[in-house]
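This report refers to the structure that appears directly beneath it.
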Amino acid sequence: MSELNKALEVIKAERALAEGGAEGNLVISKTWLSANVCRMVLQAPHIAKQRKPGQFVIVQTDVDYGERIPLTIADADPEAGTVTLIFQTVGKSTTELGQFEVGDYVPVCAGPMGKPTHIEKFGRVVAVGGGIGIAPLHPIVQGMKAAGNHVTLIAGARSRELIIMEEEMRQAVDDIIICTDDGSYGRKALVTEPLKEICESDKPDLVIAIGPPIMMKFCAETTRPFAVPTLVSLNTIMIDGTGMCGCCRVTVGGQVKFVCVDGPEFDGHLVDFNGMLRRLNAFKAEETCARERGCRRAALVKALEEMA
């Protein structure tokens with residue numbers, strides 16, 4: 001199928017869902033894991049049946065004017081036909097998504113997209129998750145464990161209340177190391193500290209790092225001297241999700257790649273993180289303005305509702 005046909009199929013599917021298609025994207029459950037981290041379960045049978053670890057969806061809160069944002073699938077239940085999304089409300093679109101309640105329909109949830117994680121028996125696998133990045137690691141470590149690997153998770157966050165999915169991850173891995181910036185839980189350390197210790201004492205066969213770009217960058221730099229293969233999952237600005245718009249482009253090994261179709265996982269030792277960070281920060285002013293307008297509008301709507 002050509003890239004154009006792929007794009008047309010995505011658009012048709014989105015329009016069908018927006019018009020109340022058979023599958024819809026019904027919000028089945030919603031839980032706040034922390035002050036601004038939400039776990040949302042959507043009824044999405046096609047995605048639930050097709051998704052593989054490492055893949056993502058494109059979500060849109062308004063089919064006509066809403067921003068298209070990529071969210072990695074944290075879990076899926078093919079029998080129930082549901083997918084689980086875990087996201088942090090940091091911008092206008094994620095804040096709007098967090099306002100959907102059980103029984104509402106999310107206008108667009110297109111996917112699964114991206115290349116799935118390559119899973120096989122590597123031997124010793126270390127997964128490093130930073131903040132919300134712990135969520136997309138869940139299906140990956142499950143797959144790695146099922147393939148016969150010994151899996152260690154290093155989970156990091158600013159403080160204890162921002163550590164998510166601890167119990168689910170403990171059930172999925174062999175060992176878990178928790179780090180917090182303020183020392184309120186686990187070790188007071190950056191995730192790179194235990195990662196370096198493991199590389200020095202019992203060199204892993206593979207490292208997978210998912211989290212803020214700066215964290216992934218330094219995880220790759222930590223493993224580089226030990227020549228440990230290191231995968232990172234990139235979350236860039238994205239629009240169509242089919243490789244046509246080019247917004248998600250990154251430089252990997254001196255070549256331009258598109259995160260939506262070539263990724264989202266790449267060799268961390270080859271990613272130009274500095275270039276990626278520059279692109280991610282290109283619209284910071286506009287993002288801040290949009291978020292502030294959205295917050296003011298929500299406050300006004302709430303005030304009018306209370307007056308009615």
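Ile176 contributes atom CD1, which lies 4.5 Å from atom CD1 of Ile178 (distance to the nearest 0.5 angstrom). Rounding to the nearest 0.5 angstrom, the gap separating the CD atom in Gln142 from the CD1 atom in Ile119 is 9.5 Å. The SG atom of Cys248 sits 7.0 Å away from the CZ atom of Phe258 when rounded to the nearest 0.5 Å. Within the model, atoms CD of Gln88 and CG of Leu97 stand 13.0 Å from one another, a figure rounded to the nearest 0.5 Å. Separating the CG atom in Leu277 from the CG atom in Asp272 is a distance of 9.0 Å, to the nearest 0.5 Å. Interatomic distance, Leu137 CG to Ser233 OG, rounded to the nearest 0.5 Å: 8.5 Å.
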*Step by step, would you call Leu206 with Val126 a side-chain contact (heavy atoms from CB on, under 4.5 Å)?*
CA-CA 6 Å; Leu206 177 69; Val126 176; over 6 Å; no
*With side-chain contact (heavy atoms from CB on, under 4.5 Å) as the test, would you mind laying out the steps for Leu42 and Leu26 before giving the verdict?*
CA-CA 5 Å; Leu42 299 181; Leu26 178 68; over 6 Å; no
*Please step through side-chain contact (heavy atoms from CB on, under 4.5 Å) for the pair Phe122 and Met144, ending with a clear verdict.*
CA-CA 8 Å; Phe122 294 96; Met144 288 294 182; 3.6 Å; yes
*asked:* Between Lys217 and Glu221, does the salt bridge (Lys or Arg N to Asp or Glu O under 4.0 Å) criterion hold? Intermediate values first, please.
replied: CA-CA 6 Å; Lys217 174 184 176 178; Glu221 291 307 312; over 6 Å; no
*Given the rule in the salt bridge (Lys or Arg N to Asp or Glu O under 4.0 Å) test, do Glu67 and Lys92 qualify, once you have shown the distances and angles that lead to the verdict?*
CA-CA 9 Å; Glu67 177 188 22; Lys92 176 178 181 290; over 6 Å; no
*asked:* Apply side-chain contact (heavy atoms from CB on, under 4.5 Å) to residues Thr236 and Cys247 and explain how you reach the verdict.
replied: CA-CA 8 Å; Thr236 54; Cys247 289; over 6 Å; no
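No side-chain heavy atom of Thr251 sits under 4.5 Å from any side-chain heavy atom of Gln255. When side chains are defined from C-beta on, Val271 counts as touching Val232, because their heavy atoms get closer than 4.5 Å. Annotation: side chain of Gln43 is not in contact with side chain of Val27 (no heavy-atom distance under 4.5 Å). Contact annotation: the side chain of Arg187 approaches that of Pro194 to within less than 4.5 Å [non-hydrogen atoms, C-beta and beyond]. Contact of the Ser34 side chain with the Asn36 side chain is registered, since non-hydrogen atoms from C-beta on lie closer than 4.5 Å. Two residues are said to be in side-chain contact when any heavy atoms from C-beta on lie closer than 4.5 Å; Ile58 and Ile69 fail this criterion. A heavy-atom distance below 4.5 Å is found between the side chains of Asp75 and His138. Residues Val41 and Val83 are not in side-chain contact: their nearest non-hydrogen atoms beyond the backbone lie 4.5 Å or more apart.
Cluster annotation: Ile210 and Leu234 are assigned to distinct hydrophobic clusters (Ile/Leu/Val/Met/Phe/Trp/Tyr, side-chain heavy-atom contacts under 4.5 Å, transitive). Val252 is connected to Met276 through a chain of hydrophobic side-chain contacts under 4.5 Å among Ile, Leu, Val, Met, Phe, Trp and Tyr, so both are in one cluster. Linking Ile, Leu, Val, Met, Phe, Trp and Tyr residues whenever their side-chain heavy atoms come within less than 4.5 Å leaves Val141 and Ile177 in two separate clusters. Under the 4.5 Å side-chain contact rule for hydrophobic residues, Met215 and Leu153 do not share a cluster. Both Val151 and Leu231 sit in one connected hydrophobic cluster of ILVMFWY residues. Membership requires side-chain heavy atoms under 4.5 Å apart, directly or through other members.
For the pair Pro136 and Ile132, the tightest heavy-atom approach, listed with the atom from each and the gap, is CD-O, 3.3 Å. In this structure, Ala48 and Gly81 approach most closely via the heavy-atom pair CB-C, 3.8 Å. Here the closest non-hydrogen pair linking Pro204 and Cys199 is CD-CA, 4.0 Å. The minimum heavy-atom distance between Trp32 and Thr89, with the atom names listed, is CH2-CG2, 3.9 Å. When every heavy atom of Cys219 is checked against every heavy atom of Ala209, the shortest pair comes out as CB-CB, 4.0 Å. When all heavy atoms of Cys179 and Ile163 are compared, the closest pair comes out as O-CD1, 4.2 Å.
Remark: Glu101 engages Lys30 in a salt bridge, criterion side-chain N to carboxylate O under 4.0 Å. Between Lys49 and Glu79 there is no salt bridge, since no side-chain N of the basic residue sits under 4.0 Å from a carboxylate O of the acidic one. Look at Lys188 and Asp181 and you find no salt bridge, because none of the NZ, NE, NH1 or NH2 atoms lies under 4.0 Å from a carboxylate O.
Side chain to side chain, Glu265 and Thr117 meet the donor-acceptor criterion of an N or O pair below 3.5 Å. Inspection of the Thr223 and Thr230 side chains reveals an N or O donor paired with an N or O acceptor under 3.5 Å.
Under the 3.5 Å distance criterion, the side-chain polar atoms of Lys203 are left unmatched by any main-chain donor or acceptor of Val228. Judged purely by atom type and a 3.5 angstrom limit, Asp262 has no side-chain atom pairing as donor or acceptor with the backbone of Val259. Formation of a donor-acceptor pair under 3.5 Å by the His269 side chain with backbone atoms of Ala220 is found in this model. Remark: side-chain polar atoms of Asn149 are paired, donor with acceptor, to backbone N or O of Glu120 under 3.5 angstrom. Thr180 places a side-chain N or O within 3.5 Å of a backbone atom of Tyr185 that can act as its donor or acceptor partner. Using modelled atom types, one side-chain atom of Gln60 and one backbone atom of Asp62 make a donor-acceptor pair closer than 3.5 Å. For the pair Arg249 (side chain) and Gly246 (backbone), a donor-acceptor distance under 3.5 Å is present.
Atom CZ of Arg224 sits in a crowded spot, with more than 12 heavy atoms from other residues, nucleotides or ligands closer than 6.0 Å. Heavy atoms of other residues, nucleotides or ligands lying less than 6.0 angstrom from NZ of Lys196 number 12 at most.
Of the candidates Thr72, Asn25, Leu85, Leu85 is the only one forming a side chain to side chain contact (heavy atoms under 4.5 Å, CB included) with Val57. Put simply, the residue from Asp202, Asp175, Asp174 that forms a salt bridge (charged side-chain N to carboxylate O under 4.0 Å, His left out) with Arg124 is Asp202. If you run side chain to side chain contact (heavy atoms under 4.5 Å, CB included) between Val37 and each of Ile134, Val90, Ile86, only Ile86 comes through.
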